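One structure is given below, encoded as structure tokens.
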Amino acid sequence: YRTSLTVLGAAHRRVSANWALVTSDADHMSDDQQVRRAALIEVLETGRPSTRQGWESLGAWRRVGAVNSEWRVPRIARSSLFLSPVEAHAAAVLLMAATGENLSTLQRRTVADTSPTAGDSAVTVYSSVLDKPRRGPAARFIAENPLDVVDDPDPGAVQRTAGAPNSGRG
């Protein structure tokens, strides 16, 4: 649990810092920041930077061996803006701790969305369809918010809510 919080906290800081760079005004950046920002935008659009300078700015260009052979590491480039498999696993651990669900239930969940709710439009509700086939046809699919109501627009709010043991569950 604590390790998952640590891993996800580091991922949150990394992704948030890079996302802030992507959404910032390029006119007020150093040349290095502009190169990194352009590389991050390419990662969003195509999954990888297009220039060596972009790969290097993301720390995804490696020099190996005595002959100085060079290679690119797309996984490192993508991890600038997205969770790695280890971080996704840590997020799953925290979701299971927060909701009390088991792995099979978590695997059947859909990706959460923020569809408008019938209640207060100022509150963001992350809802996910939960598939419980043993409940029968009438009650099999349930639209549920696994993290309760998260009214903080900061992406870290989801992490903080997931990190609270049994939040919203009895």
Side-chain angles (χ1 to χ4, degrees), residues 1-26 28-30 32-49 54-62 72-117 120-130 143-169:
Y1 179 82
R2 288 183 187 154
T3 303
S4 293
L5 280 175
T6 302
V7 167
L8 209 55
H12 177 257
R13 287 186 296 277
R14 181 191 69 244
V15 172
S16 295
N18 286 319
W19 182 247
L21 191 61
V22 166
T23 57
S24 297
D25 183 14
H28 298 68
M29 293 181 188
S30 69
D32 290 341
Q33 287 176 318
Q34 288 181 8
V35 168
R36 184 172 179 85
R37 179 180 183 270
L40 290 167
I41 290 171
E42 288 177 334
V43 167
L44 282 172
E45 293 173 349
T46 66
R48 56 183 49 208
W55 286 96
E56 288 174 343
S57 73
L58 299 178
W61 188 271
R62 297 285 190 247
R72 298 168 291 205
V73 187
R75 175 183 44 81
I76 294 173
R78 285 190 292 270
S79 73
S80 300
L81 290 167
F82 302 100
L83 295 179
S84 72
V86 169
E87 293 161 347
H89 181 77
V93 167
L94 291 176
L95 280 171
M96 288 189 294
T99 62
E101 295 176 358
N102 60 29
L103 183 59
S104 65
T105 306
L106 188 64
Q107 287 174 327
R108 286 193 304 268
R109 272 199 182 276
T110 60
V111 175
D113 68 13
T114 55
S115 301
T117 62
D120 186 0
S121 62
V123 175
T124 301
V125 177
Y126 294 89
S127 62
S128 175
V129 176
L130 182 60
E144 182 179 82
N145 180 8
L147 302 177
D148 297 325
V149 175
V150 179
D151 57 1
D152 187 346
D154 174 30
V158 175
Q159 175 195 343
R160 288 189 294 275
T161 304
N166 297 320
S167 62
R169 299 291 172 116

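Residue indices begin at 1 and follow the sequence shown. Values in this document were obtained by computation on a predicted structure and should not be read as measured data.
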- Find the distance between CD (Glu56) and CZ (Arg36) and round it off to the nearest 0.5 Å. 12.5 Å
- Please list, chain by chain and in numerical order, all residues satisfying side-chain contact (heavy atoms from CB on, under 4.5 Å) with Arg37, sequence neighbours excluded. Leu21, Ala26, Met29, Ile41
- Query: Who pairs with Ser84 by side chain to side chain donor-acceptor pair (under 3.5 Å), at least two apart in sequence or on another chain?
  - Reply: Glu87
- Rounded to the nearest 0.5 Å, how far does CG of Leu103 lie from CG of Leu95? 11.5 Å
- Do you know the tightest heavy-atom contact between Val43 and Pro49? CG2-CD, 3.9 Å
- Task: For Asn102 and Ser104, test the side chains for any donor-to-acceptor distance below 3.5 angstrom and give the result as yes or no.
- Result: yes
- Item | Nearest heavy atoms of Leu44 and Phe82, plus distance in Å | CD2-CZ, 3.9 Å
- Message: I'd like to check the side-chain contact (heavy atoms from CB on, under 4.5 Å) partners of Val35; sequence neighbours left out, ordered by chain and number.
- Response: Gln53, Ser57
- Of all heavy-atom pairs between Ser80 and Leu40, which one has the smallest distance, and what is that distance? CB-CD2, 3.5 Å
- Task: Calculate, to the nearest 0.5 Å, the distance between atoms CH2 and CD1 belonging to Trp55 and Ile76 respectively.
- Result: 9.5 Å
